[in-house]
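Structure first, then comments.
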Amino acid sequence: MSEYAIVIRGGNVATGGEVIRCDIGISEGKVAALGNRLGTGGREIDAGGRLVLPGGIDNHCHIEQPPSSNAAVNADTFASATRSAAAGGTTTVICFSSQAKGGPVTDNLRAYHEKARQSLIDYSFHLIIADPTDAVLQELPPLIAEGHRSLKVFMTYASSVLNDAQLLRVLAMARKHGALVTVHAENHDAIMFLTKALLDAGLSSAKHHAWAKPMPVEREAVHRVIMLAELLDQPIQIFHVSGAGSAEEILRAQQRGLKVFGETCTQYLVHTVDNLDQQGFEGAKFLCSPALRTSADQEALWGYLRTGVLGMVSSDHAPYSYDDANGKKIRGDNAPFSVVPNGVPGLAARMPILFSEGVVKGRIDVPTFVAITAANAAKLFGISPQKGCIAVGADADIAIWDPEKRVTITNAMMHHGVDYTTYEGMELQGWPVITMSRGEIICENGDIKAKPGRGRFLARPPYDFIKPLKRFVTPFDPVNGVLVNDGR
Ligand code: DUC
Ligand code: ZN
Ligand code: ZN
């Protein structure tokens, strides 16, 4: 009888802050032992000196999200999106249950849970709040208590934009009930004004999307929501930071000791505004929000990842097919940028691109790679230490990584339901050869081994990382309506 269900031998194991040569014993889906010369496993895997990394956590991906403003349809199901995640070494996704203006939160969430049952890997949800009426705010406390500990708010998009008063209502509710608020930060009125001016001037192609959404509209919204959160002493996470301007706002907030967290996405690290400027409608493939920026912004983002100002990189996977009347071409193949569905697919490509562009090119080290692809998201979203690390007692979510393997990206390798990848033809070094979720091999050398339905919902109990600072800007706590510090 073997001592462990599986033993992974001879890997360079990234346990968190360091990389050590050791074996990993796995039993009942969890890491049972780390050490040298461990006893036998029912299955023995020779890592052969490869890297053994925590499976990735993609904390921002849109999967089977119901259509909002433009009626476009996701080309991925939970089964295909999480297959794609597994192919790229990711073992946990956090996606979005949405609310339509005037609509319910709870009913949508229940329906969303049903869809997610087809997932191959473990998952959790952020709750999008598009309409924080009194009734909606009353719906939320039990949903947060059930383990949906993060909300998402939008500062743009007609279908979901909140004004400052509405943002404050959501922030206050989150503070009372112990949820993190994640933010899509762009100034809606400025975007609408610029969009109309551009279209009136006949400037409507994909590259003009970036002219309608220049950095100042993002920078201002980031600054404003930080101010609103500071007033209420509520921790926030700024999603998809696209360049230096908005990252600097986060740095300033962190220097003042505020709990303001930030992520960027793969596309902002490897694409620029030039990718939008293509013949015909091709640029629409790259159209995402915030817009793509410059190579100087890319290097600034890498710097902010190294220093920890930005804690993680998500894919913002938004699966709209290109040649599809329900996808990017929903309004035709000559449509103005303003009606093209926003977003790029990226679940599978995220970790390999970050490894190749980050670790192999010397921009980050392996512990930083682990931090920005898994460990920091686990802490911020309350699933640590079950996820995001290789430690005794943690789920055996593991990517065995060949740091030498050379791969040229094709869409087929992405295993998603989308008909393109913006990373087509990119030459990478480093690729996951085995992805394991709770001790089960779910992808091996590009072959998906798992069946839909094995993923589990991760309910997130209260956790300290997102506790407020208990620091208000005046002696008055405006959330609870009481004086603090004896009113002095
Ligand atoms: N922007 C979003 O706000 N959501 C999905 C994708 C995108 O580009
Ligand atoms: Zn967004
Ligand atoms: Zn998004």
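Both ligands and their constituent atoms are indexed starting at 1 by order of listing.
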Task: Residue and atom, protein N/O/S, under 2.8 Å of the Zn ion (ligand 3) - done: His60 NE2, His62 NE2, Asp316 OD1
TODO: Give a yes or no on whether a salt bridge exists between Asp397 and Arg438, defined as a side-chain N under 4.0 angstrom from a carboxylate O.
DONE: no
Open item on the list: Tell me whether Lys329 is salt-bridged to Asp324, with the criterion being a basic N under 4.0 Å from an acidic carboxylate O.
Closed with: no
- [ ] Output yes when Glu299 and Arg363 qualify as a salt bridge under the 4.0 Å nitrogen-oxygen rule, no when they do not.
- [x] yes
- [ ] Would you kindly check if the NZ (Lys) or CZ (Arg) of Lys152 is within the cone defined by 45 degrees around the ring axis of Phe96 and under 6.0 Å from the six-membered ring centre?
- [x] yes
- [ ] Check each protein residue for a heavy atom under 4.0 Å from ligand 1 and list those that pass, ordered by chain and number.
- [x] His62, Tyr157, His184, Cys288, Ser289, Asp316, Ala318, Asn342, Gly343
Open item on the list: Can you tell whether the side chains of Lys387 and Asp395 come within less than 4.0 Å, N to carboxylate O?
Closed with: yes
Open item on the list: Measuring from atom CZ of Arg110 to atom NZ of Lys115, what distance do you get when rounded to the nearest 0.5 angstrom?
Closed with: 15.0 Å
Task: Ion pair check, Glu218 and Lys213, cut-off under 4.0 Å - done: no
TODO: Could I get the full list of ring pair (Phe, Tyr, Trp, His ring centres under 6.0 Å) partners for His208, not counting sequence neighbours?
DONE: Trp211
Task: Counterpart residues, ring pair (Phe, Tyr, Trp, His ring centres under 6.0 Å), relative to Phe78 (two or more places apart) - done: Tyr112
